[in-house]
Amino acid sequence: MALAKNQISLKRLISKKEVSSLIVEMLPLTGDKICIQDALRQPLMGNVSIVPSHQYPVKLNGEVIGWVTGDEKASPIASLLTYLANNEMEKKTLARETLERYKEINLLYEISGKMTACLDLKEIAKLALDETRRLIKATSGSLMLINEKGREFYIIAAFGEEYNQKLIIKPGEGIAGNVALTGRAEIINDVWLDPRFIPRKNRVSSLICAPLNTTQKAIGVINISNEEKTNYTASDLKLLTAIASQAAAAIENALLHENKLKEARIKSNLERYLASQVVEAILGSKGEISLEPDRKNITILFSDIRNFTQQCEQLAPEKIVEYLNEYFTQMVEVIFSNGGTVNKFVGDMIVAIFGAPSPLENSEQKALQTAIEMQKRLKMIAVPWIRDNFNTGIGISSGKVVVGNVGSPRHMDYTAIGDEVNVASRLQSLAQGGQILISRSVYELNQHKFKFKEIGNLKVKGKKKTVEVFEVLY
Amino acid sequence: MVQKILIVDDEPHIRLLLEQTLEDLEEQGVELLIADNGEAALETIKSEKPALVFLDVMMPKMNGFDVCNAVKNELKIPGIYIILLTAKGQEFDKYKGKEVGADLYMTKPFDPDEVVEKSQEVLGL
(Lines give C-alpha, C1' and ligand atoms only; values in the text may rest on other atoms or scores of the structure.)
Protein backbone atom coordinates (compact mmCIF):
# COMPACT_ATOMS: atom_id res chain seq x y z
CA MET A 1 0.00 0.00 0.00
CA ALA A 2 1.58 3.26 -1.09
CA LEU A 3 1.66 5.84 1.69
CA ALA A 4 0.94 9.48 1.35
CA LYS A 5 3.96 11.65 2.01
CA ASN A 6 2.62 12.74 5.35
CA GLN A 7 1.67 9.39 6.75
CA ILE A 8 3.40 6.75 8.78
CA SER A 9 2.54 3.11 8.77
CA LEU A 10 1.56 1.80 12.20
CA LYS A 11 3.04 -1.51 11.26
CA ARG A 12 6.43 0.08 10.60
CA LEU A 13 6.17 2.05 13.80
CA ILE A 14 5.59 -0.88 16.09
CA SER A 15 8.13 -3.03 14.30
CA LYS A 16 10.87 -0.63 15.41
CA LYS A 17 13.00 -2.35 18.01
CA GLU A 18 12.44 0.13 20.83
CA VAL A 19 8.69 0.39 20.27
CA SER A 20 8.02 -3.30 19.88
CA SER A 21 10.00 -4.22 23.00
CA LEU A 22 8.07 -1.56 24.92
CA ILE A 23 4.73 -3.00 23.79
CA VAL A 24 5.80 -6.54 24.46
CA GLU A 25 6.58 -5.45 28.01
CA MET A 26 3.24 -3.67 28.36
CA LEU A 27 0.89 -6.31 26.94
CA PRO A 28 1.03 -8.65 29.97
CA LEU A 29 0.22 -5.66 32.22
CA THR A 30 -3.09 -5.34 30.40
CA GLY A 31 -3.92 -8.93 31.10
CA ASP A 32 -3.13 -9.81 27.49
CA LYS A 33 -6.52 -8.58 26.39
CA ILE A 34 -5.22 -6.00 23.94
CA CYS A 35 -5.04 -6.22 20.18
CA ILE A 36 -3.31 -3.67 17.96
CA GLN A 37 -4.69 -3.38 14.44
CA ASP A 38 -3.80 -1.36 11.39
CA ALA A 39 -6.20 1.05 9.67
CA LEU A 40 -7.84 -1.82 7.80
CA ARG A 41 -8.39 -3.74 11.00
CA GLN A 42 -5.68 -6.27 10.24
CA PRO A 43 -4.17 -7.46 13.53
CA LEU A 44 -0.54 -6.50 14.02
CA MET A 45 0.19 -7.48 17.60
CA GLY A 46 -1.57 -8.85 20.64
CA ASN A 47 -4.49 -11.15 21.28
CA VAL A 48 -6.64 -11.82 18.22
CA SER A 49 -9.05 -14.23 19.79
CA ILE A 50 -10.77 -12.11 22.38
CA VAL A 51 -13.83 -10.16 21.34
CA PRO A 52 -13.11 -6.58 22.34
CA SER A 53 -15.44 -4.40 24.33
CA HIS A 54 -13.70 -1.18 23.56
CA GLN A 55 -11.71 0.22 20.73
CA TYR A 56 -9.53 3.29 20.59
CA PRO A 57 -8.07 4.90 17.49
CA VAL A 58 -4.42 5.74 16.88
CA LYS A 59 -4.50 9.08 15.14
CA LEU A 60 -1.99 11.01 13.10
CA ASN A 61 -2.73 14.35 11.42
CA GLY A 62 -6.43 13.86 12.00
CA GLU A 63 -6.44 10.47 10.30
CA VAL A 64 -6.81 7.06 11.85
CA ILE A 65 -3.78 4.89 11.19
CA GLY A 66 -4.79 2.01 13.41
CA TRP A 67 -6.79 0.70 16.34
CA VAL A 68 -6.17 -0.69 19.76
CA THR A 69 -8.99 -2.96 20.88
CA GLY A 70 -9.75 -4.69 24.21
CA ASP A 71 -11.06 -3.28 27.48
CA GLU A 72 -10.47 0.18 28.96
CA LYS A 73 -6.77 -0.62 29.31
CA ALA A 74 -6.51 -0.29 25.56
CA SER A 75 -6.96 3.47 25.87
CA PRO A 76 -3.53 4.45 27.26
CA ILE A 77 -1.88 2.13 24.73
CA ALA A 78 -3.71 3.93 21.95
CA SER A 79 -2.64 7.29 23.39
CA LEU A 80 0.95 6.12 23.62
CA LEU A 81 0.95 4.89 20.05
CA THR A 82 -0.60 8.17 18.92
CA TYR A 83 2.15 10.07 20.70
CA LEU A 84 4.86 7.86 19.21
CA ALA A 85 3.38 8.21 15.74
CA ASN A 86 3.34 11.99 16.00
CA ASN A 87 6.90 11.99 17.25
CA GLU A 88 7.98 9.83 14.38
CA MET A 89 6.16 12.11 11.96
CA GLU A 90 7.97 15.14 13.31
CA LYS A 91 11.30 13.39 12.95
CA LYS A 92 10.48 12.41 9.42
CA THR A 93 9.41 15.90 8.47
CA LEU A 94 12.61 17.27 9.94
CA ALA A 95 14.63 14.70 8.08
CA ARG A 96 12.91 15.57 4.84
CA GLU A 97 13.54 19.29 5.37
CA THR A 98 17.15 18.61 6.21
CA LEU A 99 17.59 16.55 3.10
CA GLU A 100 16.21 19.40 1.01
CA ARG A 101 18.68 21.82 2.58
CA TYR A 102 21.41 19.28 2.09
CA LYS A 103 20.57 19.02 -1.59
CA GLU A 104 20.64 22.81 -1.87
CA ILE A 105 24.05 23.00 -0.24
CA ASN A 106 25.32 20.30 -2.54
CA LEU A 107 23.94 22.17 -5.49
CA LEU A 108 25.55 25.43 -4.50
CA TYR A 109 28.88 23.68 -3.98
CA GLU A 110 28.69 22.24 -7.47
CA ILE A 111 27.52 25.43 -9.10
CA SER A 112 30.18 27.61 -7.58
CA GLY A 113 32.83 25.19 -8.78
CA LYS A 114 31.48 25.01 -12.29
CA MET A 115 30.62 28.67 -12.68
CA THR A 116 33.91 30.14 -11.61
CA ALA A 117 35.56 28.04 -14.27
CA CYS A 118 33.24 29.43 -16.94
CA LEU A 119 34.02 32.39 -19.14
CA ASP A 120 31.28 31.86 -21.70
CA LEU A 121 28.02 33.78 -21.19
CA LYS A 122 25.72 31.16 -22.69
CA GLU A 123 27.29 28.38 -20.65
CA ILE A 124 26.94 30.33 -17.42
CA ALA A 125 23.30 31.15 -18.15
CA LYS A 126 22.47 27.59 -19.10
CA LEU A 127 24.19 26.25 -16.00
CA ALA A 128 22.24 28.61 -13.75
CA LEU A 129 18.93 27.59 -15.31
CA ASP A 130 19.69 23.87 -15.33
CA GLU A 131 20.71 23.83 -11.70
CA THR A 132 17.67 25.88 -10.66
CA ARG A 133 15.35 23.42 -12.35
CA ARG A 134 16.79 20.57 -10.34
CA LEU A 135 15.40 22.00 -7.15
CA ILE A 136 12.57 24.33 -8.08
CA LYS A 137 9.57 23.22 -10.08
CA ALA A 138 9.25 25.25 -13.26
CA THR A 139 7.95 24.83 -16.78
CA SER A 140 9.81 27.76 -18.29
CA GLY A 141 12.55 30.18 -17.40
CA SER A 142 15.16 32.51 -18.79
CA LEU A 143 18.25 34.51 -18.02
CA MET A 144 18.32 37.97 -19.57
CA LEU A 145 20.96 40.66 -19.61
CA ILE A 146 20.53 44.38 -20.07
CA ASN A 147 22.41 45.51 -23.14
CA GLU A 148 25.22 48.03 -22.86
CA LYS A 149 23.17 51.05 -23.71
CA GLY A 150 20.77 50.06 -20.94
CA ARG A 151 17.81 50.23 -23.19
CA GLU A 152 16.64 46.67 -23.49
CA PHE A 153 16.91 43.11 -22.23
CA TYR A 154 18.12 40.33 -24.39
CA ILE A 155 17.83 36.64 -23.60
CA ILE A 156 21.04 34.68 -23.10
CA ALA A 157 19.49 31.30 -22.32
CA ALA A 158 16.00 29.96 -21.76
CA PHE A 159 13.91 26.83 -21.47
CA GLY A 160 10.23 26.10 -21.81
CA GLU A 161 7.85 26.54 -24.66
CA GLU A 162 7.85 29.92 -26.29
CA TYR A 163 11.14 31.25 -25.11
CA ASN A 164 12.89 30.34 -28.26
CA GLN A 165 12.23 33.71 -29.70
CA LYS A 166 14.19 36.87 -29.17
CA LEU A 167 12.30 38.64 -26.45
CA ILE A 168 12.89 42.32 -26.05
CA ILE A 169 11.65 44.01 -22.93
CA LYS A 170 12.45 47.54 -21.97
CA PRO A 171 13.91 47.96 -18.48
CA GLY A 172 11.27 49.10 -16.03
CA GLU A 173 8.74 47.27 -18.16
CA GLY A 174 6.99 44.26 -16.71
CA ILE A 175 8.01 42.35 -13.63
CA ALA A 176 11.50 41.61 -14.93
CA GLY A 177 12.05 45.26 -15.71
CA ASN A 178 10.91 46.23 -12.27
CA VAL A 179 13.11 43.72 -10.51
CA ALA A 180 16.15 44.91 -12.46
CA LEU A 181 15.38 48.47 -11.43
CA THR A 182 14.82 47.82 -7.74
CA GLY A 183 17.50 45.13 -7.46
CA ARG A 184 15.15 43.06 -5.29
CA ALA A 185 13.93 39.57 -6.07
CA GLU A 186 10.21 38.84 -6.08
CA ILE A 187 7.80 35.93 -5.88
CA ILE A 188 4.55 36.31 -7.71
CA ASN A 189 2.38 33.30 -7.14
CA ASP A 190 -0.50 34.65 -9.17
CA VAL A 191 0.73 36.76 -12.03
CA TRP A 192 -2.73 37.77 -13.16
CA LEU A 193 -3.23 39.70 -9.95
CA ASP A 194 -0.09 41.76 -10.60
CA PRO A 195 -0.67 44.84 -12.75
CA ARG A 196 2.92 44.81 -14.01
CA PHE A 197 2.64 41.40 -15.62
CA ILE A 198 2.86 41.45 -19.40
CA PRO A 199 1.23 38.38 -20.90
CA ARG A 200 3.12 36.81 -23.75
CA LYS A 201 2.91 33.58 -25.69
CA ASN A 202 4.05 31.62 -22.65
CA ARG A 203 1.40 30.32 -20.31
CA VAL A 204 2.48 31.55 -16.93
CA SER A 205 0.65 31.40 -13.64
CA SER A 206 3.37 31.78 -11.02
CA LEU A 207 6.90 33.05 -11.21
CA ILE A 208 10.00 34.03 -9.30
CA CYS A 209 12.31 36.74 -10.62
CA ALA A 210 15.73 37.50 -9.15
CA PRO A 211 18.08 40.29 -10.22
CA LEU A 212 21.65 39.63 -11.32
CA ASN A 213 23.28 42.12 -9.02
CA THR A 214 26.83 43.34 -9.35
CA THR A 215 28.54 45.91 -7.16
CA GLN A 216 27.00 48.80 -9.03
CA LYS A 217 23.71 47.73 -10.52
CA ALA A 218 21.63 44.85 -11.82
CA ILE A 219 23.03 43.61 -15.11
CA GLY A 220 19.98 41.47 -15.81
CA VAL A 221 17.52 39.03 -14.29
CA ILE A 222 16.90 35.34 -14.00
CA ASN A 223 13.32 34.21 -13.86
CA ILE A 224 11.52 30.93 -13.67
CA SER A 225 7.83 30.29 -13.95
CA ASN A 226 5.21 27.62 -13.84
CA GLU A 227 2.24 27.45 -16.15
CA GLU A 228 0.26 25.96 -13.28
CA LYS A 229 -0.41 27.95 -10.18
CA THR A 230 2.32 27.10 -7.67
CA ASN A 231 3.20 28.18 -4.19
CA TYR A 232 6.76 29.35 -4.53
CA THR A 233 8.22 29.73 -1.06
CA ALA A 234 10.72 32.06 0.56
CA SER A 235 13.05 29.10 0.50
CA ASP A 236 12.76 28.87 -3.30
CA LEU A 237 13.40 32.59 -3.51
CA LYS A 238 16.50 32.29 -1.39
CA LEU A 239 17.82 29.52 -3.57
CA LEU A 240 17.20 31.40 -6.80
CA THR A 241 18.82 34.48 -5.31
CA ALA A 242 21.90 32.48 -4.33
CA ILE A 243 22.20 31.06 -7.83
CA ALA A 244 21.55 34.50 -9.34
CA SER A 245 24.31 36.12 -7.32
CA GLN A 246 26.82 33.47 -8.41
CA ALA A 247 25.71 33.84 -12.01
CA ALA A 248 26.01 37.62 -11.82
CA ALA A 249 29.59 37.40 -10.57
CA ALA A 250 30.52 34.83 -13.20
CA ILE A 251 28.91 36.91 -15.95
CA GLU A 252 30.62 40.09 -14.86
CA ASN A 253 33.89 38.20 -14.88
CA ALA A 254 33.21 36.79 -18.34
CA LEU A 255 32.37 40.24 -19.72
CA LEU A 256 35.44 41.82 -18.18
CA HIS A 257 37.56 39.05 -19.61
CA GLU A 258 36.00 39.59 -23.03
CA ASN A 259 36.68 43.29 -22.80
CA LYS A 260 40.22 42.73 -21.68
CA LEU A 261 40.86 40.47 -24.63
CA LYS A 262 39.27 42.95 -26.99
CA GLU A 263 41.29 45.81 -25.61
CA ALA A 264 44.49 43.80 -25.78
CA ARG A 265 43.75 42.97 -29.43
CA ILE A 266 42.98 46.57 -30.33
CA LYS A 267 46.03 47.78 -28.47
CA SER A 268 48.41 45.38 -30.12
CA ASN A 269 46.97 46.22 -33.51
CA LEU A 270 47.14 49.94 -32.96
CA GLU A 271 50.65 49.71 -31.63
CA ARG A 272 51.83 48.58 -35.00
CA TYR A 273 50.85 51.94 -36.39
CA LEU A 274 51.12 54.35 -33.51
CA ALA A 275 53.46 54.87 -30.63
CA SER A 276 52.25 52.95 -27.61
CA GLN A 277 51.81 56.16 -25.67
CA VAL A 278 49.39 57.44 -28.27
CA VAL A 279 47.56 54.13 -28.17
CA GLU A 280 47.27 54.28 -24.42
CA ALA A 281 45.91 57.77 -24.67
CA ILE A 282 43.35 56.59 -27.19
CA LEU A 283 42.29 53.70 -25.03
CA GLY A 284 42.02 56.10 -22.17
CA SER A 285 43.95 53.95 -19.75
CA LYS A 286 46.13 56.73 -18.39
CA GLY A 287 44.32 59.88 -17.34
CA GLU A 288 47.06 62.46 -17.94
CA ILE A 289 47.61 61.73 -21.57
CA SER A 290 45.44 63.72 -23.93
CA LEU A 291 45.54 63.98 -27.69
CA GLU A 292 43.85 67.36 -27.71
CA PRO A 293 45.98 70.07 -29.32
CA ASP A 294 47.90 71.85 -26.62
CA ARG A 295 50.93 74.04 -26.29
CA LYS A 296 53.77 71.99 -24.88
CA ASN A 297 57.48 72.32 -24.37
CA ILE A 298 58.94 69.46 -26.36
CA THR A 299 62.04 68.40 -28.26
CA ILE A 300 61.74 67.43 -31.91
CA LEU A 301 64.15 65.19 -33.78
CA PHE A 302 64.26 64.79 -37.55
CA SER A 303 66.41 62.12 -39.13
CA ASP A 304 66.80 61.60 -42.86
CA ILE A 305 68.90 59.35 -45.09
CA ARG A 306 71.18 61.35 -47.40
CA ASN A 307 70.67 60.73 -51.12
CA PHE A 308 68.21 58.03 -50.43
CA THR A 309 66.38 58.27 -53.74
CA GLN A 310 69.54 58.01 -55.83
CA GLN A 311 70.82 55.06 -53.86
CA CYS A 312 67.60 53.19 -54.22
CA GLU A 313 67.66 53.52 -58.00
CA GLN A 314 69.98 50.56 -58.05
CA LEU A 315 67.69 48.38 -55.95
CA ALA A 316 64.50 46.41 -56.51
CA PRO A 317 61.50 47.80 -54.57
CA GLU A 318 61.35 44.73 -52.33
CA LYS A 319 64.96 45.21 -51.37
CA ILE A 320 64.36 48.89 -50.66
CA VAL A 321 61.54 48.01 -48.32
CA GLU A 322 63.60 45.28 -46.69
CA TYR A 323 66.50 47.62 -45.98
CA LEU A 324 64.25 50.44 -44.88
CA ASN A 325 62.43 48.14 -42.48
CA GLU A 326 65.64 46.95 -40.93
CA TYR A 327 66.86 50.54 -40.65
CA PHE A 328 63.61 51.75 -39.13
CA THR A 329 63.44 48.85 -36.68
CA GLN A 330 66.85 49.67 -35.32
CA MET A 331 66.28 53.40 -35.14
CA VAL A 332 62.86 53.08 -33.57
CA GLU A 333 64.26 50.85 -30.86
CA VAL A 334 66.74 53.53 -29.92
CA ILE A 335 64.08 56.23 -29.86
CA PHE A 336 61.73 54.17 -27.70
CA SER A 337 64.42 53.13 -25.28
CA ASN A 338 65.16 56.78 -24.60
CA GLY A 339 61.53 57.68 -23.95
CA GLY A 340 60.79 59.26 -27.30
CA THR A 341 57.72 58.87 -29.43
CA VAL A 342 58.04 58.02 -33.06
CA ASN A 343 55.75 60.59 -34.53
CA LYS A 344 55.85 59.56 -38.16
CA PHE A 345 57.83 58.20 -41.08
CA VAL A 346 57.84 60.36 -44.19
CA GLY A 347 59.49 58.25 -46.85
CA ASP A 348 62.90 57.58 -45.38
CA MET A 349 62.61 60.37 -42.85
CA ILE A 350 61.90 59.74 -39.18
CA VAL A 351 60.18 62.36 -37.03
CA ALA A 352 60.44 61.75 -33.31
CA ILE A 353 59.06 63.77 -30.40
CA PHE A 354 60.33 63.88 -26.85
CA GLY A 355 57.80 65.11 -24.25
CA ALA A 356 54.48 64.29 -25.87
CA PRO A 357 51.90 62.83 -25.62
CA SER A 358 53.20 62.01 -22.14
CA PRO A 359 55.63 64.39 -20.38
CA LEU A 360 59.33 63.53 -20.33
CA GLU A 361 61.99 64.96 -18.07
CA ASN A 362 65.19 66.23 -19.68
CA SER A 363 63.72 65.79 -23.10
CA GLU A 364 66.55 67.73 -24.77
CA GLN A 365 69.18 65.52 -23.22
CA LYS A 366 67.31 62.37 -24.08
CA ALA A 367 66.90 63.52 -27.68
CA LEU A 368 70.62 64.19 -27.93
CA GLN A 369 71.45 60.79 -26.54
CA THR A 370 69.06 59.26 -28.98
CA ALA A 371 70.65 61.00 -31.96
CA ILE A 372 74.13 59.84 -30.96
CA GLU A 373 72.97 56.29 -30.40
CA MET A 374 71.16 56.29 -33.72
CA GLN A 375 74.29 57.28 -35.59
CA LYS A 376 76.37 54.70 -33.75
CA ARG A 377 73.80 51.98 -34.20
CA LEU A 378 73.66 52.69 -37.94
CA LYS A 379 77.37 52.03 -38.24
CA MET A 380 76.91 48.68 -36.52
CA ILE A 381 73.90 47.40 -38.39
CA ALA A 382 74.23 43.77 -39.39
CA VAL A 383 73.29 44.34 -43.03
CA PRO A 384 76.47 45.37 -44.92
CA TRP A 385 74.65 47.24 -47.67
CA ILE A 386 73.00 49.49 -45.12
CA ARG A 387 76.26 50.05 -43.27
CA ASP A 388 77.93 51.08 -46.47
CA ASN A 389 75.20 53.14 -48.03
CA PHE A 390 72.87 54.66 -45.45
CA ASN A 391 74.10 57.89 -43.98
CA THR A 392 71.77 60.03 -41.96
CA GLY A 393 71.62 63.65 -41.05
CA ILE A 394 69.86 64.50 -37.79
CA GLY A 395 68.38 67.83 -36.68
CA ILE A 396 67.12 68.54 -33.15
CA SER A 397 65.32 71.57 -31.77
CA SER A 398 63.12 72.30 -28.76
CA GLY A 399 60.60 74.79 -27.50
CA LYS A 400 56.90 75.47 -27.07
CA VAL A 401 54.89 74.08 -29.93
CA VAL A 402 51.33 72.99 -30.48
CA VAL A 403 51.01 69.23 -30.27
CA GLY A 404 47.91 67.18 -30.76
CA ASN A 405 45.42 65.73 -33.17
CA VAL A 406 45.14 67.79 -36.30
CA GLY A 407 42.95 67.04 -39.25
CA SER A 408 39.37 66.26 -40.04
CA PRO A 409 37.11 64.34 -37.67
CA ARG A 410 37.39 61.37 -39.97
CA HIS A 411 41.13 61.39 -40.27
CA MET A 412 43.42 62.77 -37.65
CA ASP A 413 47.14 63.05 -37.48
CA TYR A 414 48.94 63.43 -34.19
CA THR A 415 51.38 66.16 -35.10
CA ALA A 416 53.49 69.05 -33.83
CA ILE A 417 53.21 72.51 -35.31
CA GLY A 418 55.38 75.52 -34.60
CA ASP A 419 58.60 77.38 -35.26
CA GLU A 420 60.83 74.90 -33.53
CA VAL A 421 59.46 72.09 -35.66
CA ASN A 422 60.49 73.94 -38.78
CA VAL A 423 63.89 74.65 -37.27
CA ALA A 424 64.49 71.00 -36.52
CA SER A 425 63.49 70.08 -40.03
CA ARG A 426 65.81 72.69 -41.57
CA LEU A 427 68.67 71.53 -39.34
CA GLN A 428 68.18 68.01 -40.50
CA SER A 429 68.30 68.92 -44.16
CA LEU A 430 71.46 70.93 -43.54
CA ALA A 431 73.17 68.08 -41.74
CA GLN A 432 75.52 65.93 -43.76
CA GLY A 433 75.76 62.17 -43.45
CA GLY A 434 76.70 61.31 -39.85
CA GLN A 435 76.11 64.84 -38.56
CA ILE A 436 73.85 65.88 -35.69
CA LEU A 437 72.86 69.56 -35.70
CA ILE A 438 70.98 71.23 -32.87
CA SER A 439 69.54 74.63 -32.01
CA ARG A 440 70.52 76.88 -29.10
CA SER A 441 67.68 75.75 -26.88
CA VAL A 442 68.95 72.19 -26.99
CA TYR A 443 72.57 73.30 -26.64
CA GLU A 444 71.98 75.46 -23.60
CA LEU A 445 70.56 72.69 -21.45
CA ASN A 446 73.28 70.26 -22.38
CA GLN A 447 76.38 72.44 -22.57
CA HIS A 448 78.35 70.48 -20.05
CA LYS A 449 77.06 67.05 -20.86
CA PHE A 450 78.24 66.63 -24.43
CA LYS A 451 80.88 68.08 -26.75
CA PHE A 452 79.83 70.69 -29.27
CA LYS A 453 81.11 72.78 -32.15
CA GLU A 454 79.59 76.11 -33.17
CA ILE A 455 78.49 76.10 -36.75
CA GLY A 456 77.07 79.53 -37.17
CA ASN A 457 73.82 81.28 -37.87
CA LEU A 458 71.16 79.84 -40.06
CA LYS A 459 68.38 81.56 -41.89
CA VAL A 460 65.08 79.77 -41.40
CA LYS A 461 62.35 80.17 -44.00
CA GLY A 462 59.60 82.48 -42.82
CA LYS A 463 61.48 83.72 -39.73
CA LYS A 464 63.13 87.10 -39.52
CA LYS A 465 65.72 86.19 -36.90
CA THR A 466 68.46 83.74 -37.70
CA VAL A 467 69.01 80.58 -35.70
CA GLU A 468 72.22 79.56 -33.96
CA VAL A 469 73.40 76.12 -35.03
CA PHE A 470 75.63 73.74 -33.08
CA GLU A 471 77.06 70.38 -34.05
CA VAL A 472 77.21 67.50 -31.58
CA LEU A 473 80.54 65.78 -31.47
CA TYR A 474 80.49 62.12 -30.68
CA MET B 1 14.72 -12.33 -0.67
CA VAL B 2 14.73 -9.02 1.08
CA GLN B 3 17.63 -6.86 -0.01
CA LYS B 4 19.41 -4.91 2.69
CA ILE B 5 21.38 -1.69 2.71
CA LEU B 6 23.59 -0.91 5.70
CA ILE B 7 24.35 2.70 6.59
CA VAL B 8 27.43 3.23 8.77
CA ASP B 9 28.45 6.67 10.04
CA ASP B 10 29.32 8.02 13.48
CA GLU B 11 27.58 11.33 12.67
CA PRO B 12 23.85 11.11 13.42
CA HIS B 13 22.82 13.68 10.80
CA ILE B 14 24.54 11.74 8.04
CA ARG B 15 22.77 8.58 9.13
CA LEU B 16 19.50 10.48 9.14
CA LEU B 17 20.09 12.00 5.70
CA LEU B 18 21.11 8.76 4.07
CA GLU B 19 18.12 7.03 5.60
CA GLN B 20 15.86 9.79 4.33
CA THR B 21 17.45 9.70 0.87
CA LEU B 22 16.88 5.95 0.57
CA GLU B 23 13.40 6.08 2.09
CA ASP B 24 11.65 5.46 -1.20
CA LEU B 25 13.58 2.28 -1.77
CA GLU B 26 12.00 0.85 1.35
CA GLU B 27 8.75 0.74 -0.55
CA GLN B 28 10.47 -1.41 -3.13
CA GLY B 29 11.16 -3.98 -0.47
CA VAL B 30 14.58 -2.82 0.64
CA GLU B 31 15.44 -2.99 4.33
CA LEU B 32 17.59 -0.20 5.75
CA LEU B 33 20.01 -1.08 8.55
CA ILE B 34 21.97 1.42 10.61
CA ALA B 35 25.21 1.26 12.58
CA ASP B 36 27.05 4.09 14.30
CA ASN B 37 30.49 2.54 14.68
CA GLY B 38 32.85 0.15 12.95
CA GLU B 39 32.53 -2.81 15.26
CA ALA B 40 28.73 -2.79 15.20
CA ALA B 41 28.89 -2.48 11.43
CA LEU B 42 31.09 -5.54 11.13
CA GLU B 43 28.78 -7.57 13.33
CA THR B 44 25.74 -6.50 11.29
CA ILE B 45 27.47 -7.35 8.04
CA LYS B 46 28.35 -10.79 9.32
CA SER B 47 24.84 -11.56 10.49
CA GLU B 48 22.66 -9.71 7.95
CA LYS B 49 24.82 -9.88 4.81
CA PRO B 50 23.59 -6.56 3.29
CA ALA B 51 24.05 -6.33 -0.45
CA LEU B 52 25.18 -2.70 -0.19
CA VAL B 53 27.04 -0.83 2.55
CA PHE B 54 27.58 2.92 2.82
CA LEU B 55 30.65 3.07 5.01
CA ASP B 56 32.08 6.25 6.51
CA VAL B 57 35.87 6.31 6.59
CA MET B 58 36.50 8.66 9.49
CA MET B 59 35.20 6.90 12.58
CA PRO B 60 36.87 6.54 15.97
CA LYS B 61 38.24 3.18 17.10
CA MET B 62 37.48 1.07 14.03
CA ASN B 63 37.42 3.16 10.85
CA GLY B 64 35.89 2.44 7.45
CA PHE B 65 39.11 1.12 5.95
CA ASP B 66 39.43 -1.46 8.73
CA VAL B 67 35.85 -2.62 8.36
CA CYS B 68 36.20 -2.92 4.60
CA ASN B 69 39.47 -4.79 4.95
CA ALA B 70 37.93 -7.21 7.43
CA VAL B 71 34.96 -7.94 5.17
CA LYS B 72 36.83 -8.17 1.86
CA ASN B 73 40.28 -9.46 2.71
CA GLU B 74 40.06 -11.27 6.03
CA LEU B 75 36.60 -12.76 6.17
CA LYS B 76 36.21 -12.66 2.38
CA ILE B 77 32.43 -12.36 2.57
CA PRO B 78 31.09 -12.34 -0.99
CA GLY B 79 28.27 -10.28 -2.51
CA ILE B 80 28.77 -7.16 -0.40
CA TYR B 81 29.18 -3.90 -2.36
CA ILE B 82 31.02 -1.37 -0.20
CA ILE B 83 30.93 2.36 -0.86
CA LEU B 84 33.39 4.37 1.27
CA LEU B 85 32.22 7.84 2.33
CA THR B 86 34.91 10.46 2.69
CA ALA B 87 34.78 14.18 3.46
CA LYS B 88 35.12 16.55 0.50
CA GLY B 89 38.51 18.17 0.29
CA GLN B 90 40.10 15.37 2.25
CA GLU B 91 42.94 13.70 0.42
CA PHE B 92 41.36 10.36 -0.24
CA ASP B 93 43.91 7.62 -0.36
CA LYS B 94 42.82 5.81 -3.49
CA TYR B 95 45.50 3.23 -3.07
CA LYS B 96 44.36 2.43 0.42
CA GLY B 97 40.83 2.17 -0.90
CA LYS B 98 41.93 -0.33 -3.52
CA GLU B 99 44.02 -2.19 -1.00
CA VAL B 100 41.14 -2.80 1.36
CA GLY B 101 38.88 -3.82 -1.49
CA ALA B 102 36.36 -0.96 -1.58
CA ASP B 103 34.08 -1.01 -4.60
CA LEU B 104 33.49 2.74 -4.81
CA TYR B 105 34.00 5.92 -2.91
CA MET B 106 31.82 9.02 -2.59
CA THR B 107 32.55 12.39 -1.08
CA LYS B 108 30.41 14.03 1.59
CA PRO B 109 28.27 16.08 1.17
CA PHE B 110 26.98 13.30 -0.99
CA ASP B 111 24.73 13.86 -3.96
CA PRO B 112 21.37 12.33 -2.99
CA ASP B 113 20.52 11.52 -6.60
CA GLU B 114 23.82 9.72 -7.04
CA VAL B 115 23.19 7.70 -3.86
CA VAL B 116 19.76 6.56 -5.04
CA GLU B 117 20.98 5.79 -8.56
CA LYS B 118 23.92 3.75 -7.35
CA SER B 119 21.77 1.87 -4.83
CA GLN B 120 19.25 0.93 -7.50
CA GLU B 121 22.09 -0.16 -9.78
CA VAL B 122 23.75 -2.38 -7.18
CA LEU B 123 20.51 -3.92 -5.99
CA GLY B 124 19.24 -4.39 -9.54
CA LEU B 125 16.05 -2.34 -9.07
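Here is how names work: the chains are called A, B, and so on, in the same order as the sequence lines, proteins then strands, and each is numbered from 1. Every heavy atom of this structure was used, including side-chain atoms; hydrogens, water molecules and symmetry mates were not.
Heavy-atom neighbours of Gln28(B) CD from other residues, nucleotides or ligands within 6.0 Å: above the threshold of 12. Atom CZ of Arg41(A) is surrounded by more than 12 heavy atoms from other residues, nucleotides or ligands within 6.0 Å. Atom NZ of Lys126(A) is surrounded by 12 or fewer heavy atoms from other residues, nucleotides or ligands within 6.0 Å. Applying the 6.0 Å contact sphere to NZ of Lys4(B) captures more than 12 heavy atoms from other residues, nucleotides or ligands.
Residues Glu23(B) and Leu99(A) fail the side-chain proximity criterion, which asks for heavy atoms closer than 4.5 Å.
Remark: Tyr102(A) OH to His13(B) NE2 distance equals 6.0 Å, nearest 0.5 Å. We find the NZ-CD distance between Lys91(A) and Glu19(B) to be 8.0 Å, quoted to the nearest 0.5 Å. Here the NZ atom belonging to Lys92(A) is positioned 5.0 Å from the CD atom belonging to Gln20(B), to the nearest 0.5 angstrom.
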### Task
Starting from the C-alpha separation in whole Å, work towards a yes-or-no answer on side chain to side chain contact (heavy atoms under 4.5 Å, CB included) for Asp111(B) and Lys103(A).
CA-CA 7 Å; Asp111(B) 183 349; Lys103(A) 283 186 190 173; over 6 Å; no
